[in-house]
Amino acid sequence: MDLVEVLPNRLHMLRFPIGQAYLWQDDEALTLIDAGHAGSADRIEEAIRSLGLLPERLERVVLTHCHRDHVGAAGELRARWGARVLAHRFDAPVIRGERPVPEPVLLDREIPLYAHGLTVPEAPPTPVDHEVEDGEALGFGDGAYVVHAPGHTDGSIGIHLPRHGVLFTGDCVAAVGPPMLGVFNVDRARAIETFHRLAALAPSIACFGHGDPLTVDTAAALAEAAAGTPA
C-alpha cells in the first residue's frame, strides 16, 4: 500500500492494489474516507503510525458506498479503535449484509474490468453506526457535509469540505487519466446527473475512489469532463 500526501498535515491517500482510501486529520482527531479491502487494517494502522499519529484517534470511517474495495476493513477498524462507521441509508443494509450488493448495468468495455474488481476479497458484514442523509454535517474538516450521489449505487455519497475546497467523489467520478464518469453504475443516467452535481461544487481538490487526486485546475477539469459525458 502506498501513502501519498495530498494536503500537508491534513490529507493523505492510502492506495491499495485496487482502489484507495483517504485519511483526514483535524488536530488529533482522524477520519477515514473509505476503508480499503478486507484484511488491510494492519496496513492502515501502519500508515497512520508512520505519520506520527495514533490510530486510537480514528473517530469515524465514512463509506462512500457499499462495494468491497471501499468497505472491507471498516469493521475491523471499528473493533480495534472504536471508530464509528457511517454510510448512506440506501447502502447501509448492503454493508451490514442484510441485502445483496446491487448488480451494475455493465457496458461491454466494463466487463473485463468488473471481473478484475471481483478479485478483491469480499467484504464481511459490517455494522453501520449512523446512516447519513444528503446535506448532513459530518463533524470534521471544518464543516464537511454529505452530498447524495446516486447512480454508481443508490446510496453512493460524495463528501464536500468547502472551507478546504476538497471533494471526495467515491466512485461517482474516476481519474484514470482525465476525470471521467465512474464505471459499474447501477443507473447510468442518474450517475451522469450526479457527475454534473459534483462538478458544480467547483472544488480545488478532488479525491477519487480510483485514480490520483486532482489538485490543479480541478474545477475546470471536472466541469469539462461532466459536460462531455454522453448519456
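Taking CG of Asp91 as the start and CZ of Arg96 as the end, the distance is 10.5 Å to the nearest 0.5 Å. Considering CH2 of Trp81 and CZ of Arg57, their distance stands at 12.0 Å, rounded to 0.5 Å. Atom-to-atom distance recorded for Leu11:CG and Leu161:CG is 8.5 Å, nearest 0.5 angstrom. Note: Leu201 CG to Leu222 CG = 9.5 Å, rounded to the nearest 0.5 Å. Ser204 contributes atom OG, which lies 10.0 Å from atom CG of Leu214 (distance to the nearest 0.5 angstrom). From Ile205, atom CD1 reaches atom CG of Leu167 across 10.5 Å, with rounding to the nearest 0.5 Å.
Ion pair Asp2/Arg15 flagged as a salt bridge, since at least one NZ, NE, NH1 or NH2 atom sits closer than 4.0 Å to an Asp/Glu carboxylate oxygen. Ion pairing between a basic and an acidic side chain is recognised when a charged N comes within 4.0 Å of a carboxylate O; Arg60 and Asp129 show no such pairing.
For Tyr145 (side chain) and Pro162 (main-chain N/O), no donor-acceptor pair under 3.5 Å exists by modelled atom type. Remark: side-chain polar atoms of Thr64 are not paired, donor with acceptor, to backbone N or O of Gly170 under 3.5 angstrom. For the pair Thr126 (side chain) and Pro124 (backbone), a donor-acceptor distance under 3.5 Å is present. Without hydrogens or angle criteria, Asn185 side chain to Gly182 main chain gives a donor-acceptor distance under 3.5 Å. Between the Thr169 side chain and the Gly158 main chain, no donor and acceptor come within less than 3.5 Å of each other. Of the possible donor and acceptor atoms, one in the side chain of Thr229 sits under 3.5 Å from a partner among the backbone N and O of Ala225. In terms of modelled atom types and a separation under 3.5 Å, the side chain of His37 and the main chain of Val120 share no donor-acceptor contact. Looking at Asp187, its side chain does come within 3.5 Å of a backbone N or O of Arg190 through a donor-acceptor pair. The main-chain N or O of Ala221 is never found under 3.5 Å from a side-chain atom of Glu224 such that the two would form a donor-acceptor pair. Gln25 places a side-chain N or O within 3.5 Å of a backbone atom of Asp27 that can act as its donor or acceptor partner.
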Evaluate Asp134 against Arg197 for salt bridge (Lys or Arg N to Asp or Glu O under 4.0 Å), listing each step before the verdict. CA-CA 13 Å; Asp134 185 51; Arg197 183 182 182 196; 3.0 Å; yes
When you look at Phe195 and Cys172, which way does the side-chain contact (heavy atoms from CB on, under 4.5 Å) test go after all the steps? CA-CA 7 Å; Phe195 195 177; Cys172 305; over 6 Å; no
Before giving the answer on salt bridge (Lys or Arg N to Asp or Glu O under 4.0 Å), spell out for Arg84 and Glu59 the whole-Å C-alpha distance, their side-chain angles and the decisive distance to 0.1 Å. CA-CA 6 Å; Arg84 299 176 73 239; Glu59 292 190 356; over 6 Å; no
Test side-chain contact (heavy atoms from CB on, under 4.5 Å) applied to Ile159 and Val146, step by step: CA-CA 5 Å; Ile159 300 148; Val146 174; 5.6 Å; no
I'd like to know whether Arg188 forms a salt bridge (Lys or Arg N to Asp or Glu O under 4.0 Å) with Glu193, so could you lay out the CA-CA distance, the side-chain angles of the two residues, the decisive distance to 0.1 Å, and finally the verdict. CA-CA 9 Å; Arg188 181 177 172 85; Glu193 291 175 3; over 6 Å; no
Please determine whether side-chain contact (heavy atoms from CB on, under 4.5 Å) holds for the pair His116 and Ile18, giving the CA-CA distance in whole Å, both sets of side-chain angles, and the decisive distance to 0.1 Å. CA-CA 9 Å; His116 179 60; Ile18 295 179; 3.6 Å; yes
Does Arg80 form a salt bridge (Lys or Arg N to Asp or Glu O under 4.0 Å) with Asp42? I'd like the steps, not just the answer. CA-CA 10 Å; Arg80 287 188 187 189; Asp42 285 344; 2.4 Å; yes
Could you check Asp69 against His210 for side-chain hydrogen bond (donor to acceptor under 3.5 Å, both in side chains), going step by step and ending with a plain yes or no? CA-CA 10 Å; Asp69 55 326; His210 300 270; 3.2 Å; yes
How far apart are the C-alpha atoms of Leu138 and Leu86, what are their side-chain angles, what is the distance that settles it, and do they pass the side-chain contact (heavy atoms from CB on, under 4.5 Å) test? CA-CA 9 Å; Leu138 293 174; Leu86 287 68; 3.8 Å; yes
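Under the 4.5 Å side-chain heavy-atom criterion for grouping Ile, Leu, Val, Met, Phe, Trp and Tyr, Leu198 is not connected to Val132 through any hydrophobic cluster. Under the 4.5 Å side-chain heavy-atom criterion for Ile, Leu, Val, Met, Phe, Trp and Tyr, Val105 and Ile111 are members of distinct hydrophobic clusters. Follow the hydrophobic side-chain contacts under 4.5 Å out from Trp24 and you never reach Leu58; the two are in separate clusters. Phe208 is not connected to Val176 by any chain of hydrophobic side-chain contacts under 4.5 Å among Ile, Leu, Val, Met, Phe, Trp and Tyr, and they are in different clusters. In the hydrophobic cluster analysis, where Ile, Leu, Val, Met, Phe, Trp and Tyr join through side-chain heavy atoms closer than 4.5 angstrom, Leu118 is grouped together with Leu106.
Here the side chains of Leu77 and Glu45 are not in contact, with every heavy-atom distance at 4.5 Å or above. Counting heavy atoms from C-beta on, the side chains of Thr194 and Val147 never come closer than 4.5 Å. Contact annotation: the side chain of Pro17 never approaches that of Met1 to less than 4.5 Å [non-hydrogen atoms, C-beta and beyond]. Between Asp34 and Leu63 there is a side-chain heavy-atom pair separated by less than 4.5 Å. Between Pro203 and Val166 the shortest side-chain heavy-atom distance does not fall below 4.5 Å. In this structure the side chain of Pro121 never reaches within 4.5 angstrom of the side chain of Arg68, judged on heavy atoms. Contact check for His88 versus Thr153: no side-chain heavy atoms found under the 4.5 Å cut-off. Under the 4.5 Å side-chain criterion, counting only non-hydrogen atoms from C-beta, Phe168 is not in contact with Ile157.
Using modelled atom types and a 3.5 Å distance limit, the side chains of His164 and Asp142 yield a donor-acceptor pair. Counted by atom type alone, Glu136 and His130 present one or more donor-acceptor pairs between their side chains at under 3.5 Å.
Ring to ring, His148 and Phe90 are close: their centroids are under 6.0 angstrom apart. Phe184 has its ring centre no less than 6.0 Å from the ring centre of His152.
Counted within 6.0 Å of CZ on Arg99, heavy atoms from surrounding residues, nucleotides or ligands total 12 or fewer; the atom is thus considered open. Heavy atoms of other residues, nucleotides or ligands lying less than 6.0 angstrom from CD of Glu133 number more than 12. By the 6.0 Å contact criterion, CZ on Arg43 is enclosed, its count of non-hydrogen atoms from other residues, nucleotides or ligands being greater than 12.
Nearest heavy-atom pair across Leu14 and His12 is CD1-O, 3.9 Å. In terms of heavy-atom proximity, Ala74 sits nearest to Ala35 at N-CB, 3.5 Å. For Cys66 against Pro102, the heavy-atom pair with the smallest separation is SG-CD, 3.9 Å. Among all heavy-atom pairs drawn from Tyr114 and Pro104, the shortest one is OH-CD, 3.5 Å.
None of Leu54, Val61, Ile48 except one satisfies the side chain to side chain contact (heavy atoms under 4.5 Å, CB included) rule with Leu30; the exception is Ile48. Of the candidates Leu23, Asp212, Leu3, Ile33, Asp212 is the only one forming a side chain to side chain contact (heavy atoms under 4.5 Å, CB included) with Met13.
Relative orientation of the His70 and His65 rings is tilted, given thresholds of 30° and 60° on the angle between their planes.
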